[in-house]
Number of protein chains: 2
Amino acid sequence: MKLTSKGRYAVTAMIDIALNQDKGAITLSLISERQGISLSYLEQLFSKLKKAGLVSSARGPGGGYRLSRSANGISIGDIIHAVDESVDIRKCGGAANCNGGEECLSHELWTSLSFTIETFLKSITLQDVVDNKETNVIKQVNFG
Amino acid sequence: MKLTSKGRYAVTAMIDIALNQDKGAITLSLISERQGISLSYLEQLFSKLKKAGLVSSARGPGGGYRLSRSANGISIGDIIHAVDESVDIRKCGGAANCNGGEECLSHELWTSLSFTIETFLKSITLQDVVDNKETNVIKQVNFG
DNA sequence: TCATTCTTGAGTGTTTTACTTGGTTATTAT
DNA sequence: ATAATAACCAAGTAAAACACTCAAGAATGA
């Protein structure tokens with residue numbers, strides 16, 4: 001399970017762009033100032049966000065980053081995955097060899113939890129966060 | 001967000017006890033062998049599980065650990081919390097000062113996610129896992 | 001009494017995290 | 001041209017966390 005500052009910073013930075021995209025390309029220096037994130041660290045994150053196709057870039061004066069598709073089309077999960085954070089809680093990563101070649105006793109539990117988190121992150125878009133829609137989320141967990 | 005081997009080991013060990021509790025007290029050596037977890041590491045984890053009131057212990061031959069209440073009454077969340085793993089994803093831990101005294105843009109999102117995970121872990125008991133009930137979990141996330 | 005088992009505290013190598021440093025390359029405005 | 005801007009890139013690093021090990025001690029039962 002990896003959900004740390006890296007993923008948080010990436011999401012925060014993407015929200016910043018989404019909020020300001022009407023002003024054209026957004027520079028990392030601006031994001032750095034506004035969100036209190038180190039510029040060099042942002043560069044590393046945006047290298048990955050670009051490779052994942054979530055943002056496009058332009059160099060030189062007037063340059064910066066833009067979302068490469070609408071904020072509705074980018075999920076929080078997309079961003080987290082782009083910066084290499086994994087939501088998989090299982091030691092084996094799904095290989096089911098957690099205990100000397102065998103599935104550990106809690107394997108299915110972690111599978112369920114990973115799925116729950118994954119589903120949550122995929123269900124929320126950048127636009128939802130900009131609109132503060134995630135504050136009204138209703139969660140329901142049932143056993144069959 | 002902290003969900004690592006520590007929490008996984010603790011849950012796996014507790015499942016082991018739940019599965020074998022009819023045989024009386026379970027020694028850490030047995031759990032260590034069966035689950036492939038270092039004995040000394042288990043000792044540390046059980047020190048915390050005992051402090052949290054989830055297990056009781058007896059020394060000497062025939063001794064070992066028992067669940068201090070029924071497996072139905074122990075949630076996975078109880079175990080995770082007992083070994084000091086936090087499910088809170090927010091940098092500020094809820095203080096809402098993630099960005100220089102202010103809430104960061106993604107604050108509410110992490111609050112929602114933390115709540116989702118917390119709810120999941122609280123809803124599943126040790127007995128559910130022993131019965132493999134978590135494999136049939138149905139997840140539903142709606143926006144209001 | 002002796003083996004067993006929990007109990008406790010300290011130490012340790014490895015990995016990860018969250019950066020920093022120091023550049024280079026492309027683009028634009030003057 | 002040239003200077004400023006801003007993305008791009010590679011490497012290094014201090015501190016923390018992780019997943020243990022090691023060593024000793026104390027209670028218990030056969």
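Computed over heavy atoms, backbone and side chain alike; hydrogens, waters and symmetry mates excluded. None of these values were measured; they are calculated from a predicted model. So that the names make sense, note that chain A is the first sequence line, chain B the second, and so on, each numbered from 1.
- Here C:dA18 presents its P atom at 12 Å from NZ of A:Lys48, a figure rounded to the nearest Å.
- For A:Tyr9 and C:dA18, the OH to P distance is 7 Å, given to the nearest whole Å.
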All N/O contacts under 3.5 Å from nucleotides 4-11 of chain C to the protein, with atom names and distances to one decimal?
unit_1 : atom_1 : unit_2  : atom_2 : d
C:dC6  : OP1    : B:Leu28 : N      : 3.1
C:dC6  : O3'    : B:Ser57 : OG     : 3.4
C:dT7  : OP1    : B:Lys50 : NZ     : 2.5
C:dT7  : OP1    : B:Ser57 : OG     : 2.5
C:dT7  : OP2    : B:Tyr65 : OH     : 2.3
C:dT7  : O4'    : B:Arg59 : NH2    : 3.4
C:dT8  : O4     : B:Glu43 : OE1    : 3.4

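- A:Leu42 places its CG atom 16 Å from the C1' atom of C:dT17, with the value rounded to the nearest Å.
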Please tabulate, for the side chains in residues 17-25 of chain A, all donor-acceptor contacts under 3.5 angstrom to protein atoms that are two or more places apart in sequence or on a different chain.
unit_1  : atom_1 : unit_2  : atom_2 : d
A:Asn20 : OD1    : A:Lys23 : NZ     : 2.6
A:Asn20 : ND2    : A:Asp16 : O      : 2.7
A:Asn20 : ND2    : A:Asp16 : OD1    : 3.2
A:Gln21 : NE2    : A:Ala18 : O      : 3.4

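- Residue A:Tyr41 places none of its side-chain N or O atoms closer than 4.0 Å to OP1 or OP2 of C:dC19.
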Anything under 3.5 Å between a donor and an acceptor, one on a side chain of residues 61-69 of chain A, the other on a protein residue two or more places apart or in another chain? List them.
unit_1  : atom_1 : unit_2  : atom_2 : d
A:Ser68 : OG     : A:Gly53 : O      : 2.4
A:Ser68 : OG     : A:Leu54 : O      : 3.0
A:Arg69 : NE     : A:Gly73 : O      : 2.8
A:Arg69 : NH2    : A:Gly73 : O      : 3.4
A:Arg69 : NH2    : A:Asp78 : OD2    : 3.4

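- Atom CG of B:Leu3 is separated from atom C1' of C:dT16 by 17 Å (rounded to the nearest Å).
- Pairs engaging residues 16-40 of chain B under the ring-ring contact (aromatic ring centres under 6.0 Å, His included) rule: none recorded [sequence neighbours left out].
- Residues passing the side chain to side chain contact (heavy atoms under 4.5 Å, CB included) test with A:Ser38, sequence neighbours excluded: A:Ser40, A:Tyr41.
- Spacing between atom CG of B:Leu45 and atom C1' of D:dC18 amounts to 12 Å, rounded to whole angstrom units.
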Sequence neighbours excluded and cut-off under 3.5 Å, please list the side-chain donor-acceptor pairs for residues 43-51 of chain B, or say none.
unit_1  : atom_1 : unit_2  : atom_2 : d
B:Lys48 : NZ     : B:Asp84 : OD2    : 3.0
B:Lys50 : NZ     : B:Ser57 : OG     : 3.0

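- The OG atom of B:Ser75 sits 13.5 Å away from the CD atom of B:Gln127 when rounded to the nearest 0.5 Å.
- Remark: A:Ser38 is in phosphate contact with C:dT20, judged by side-chain N or O atoms under 4.0 Å from OP1 or OP2.
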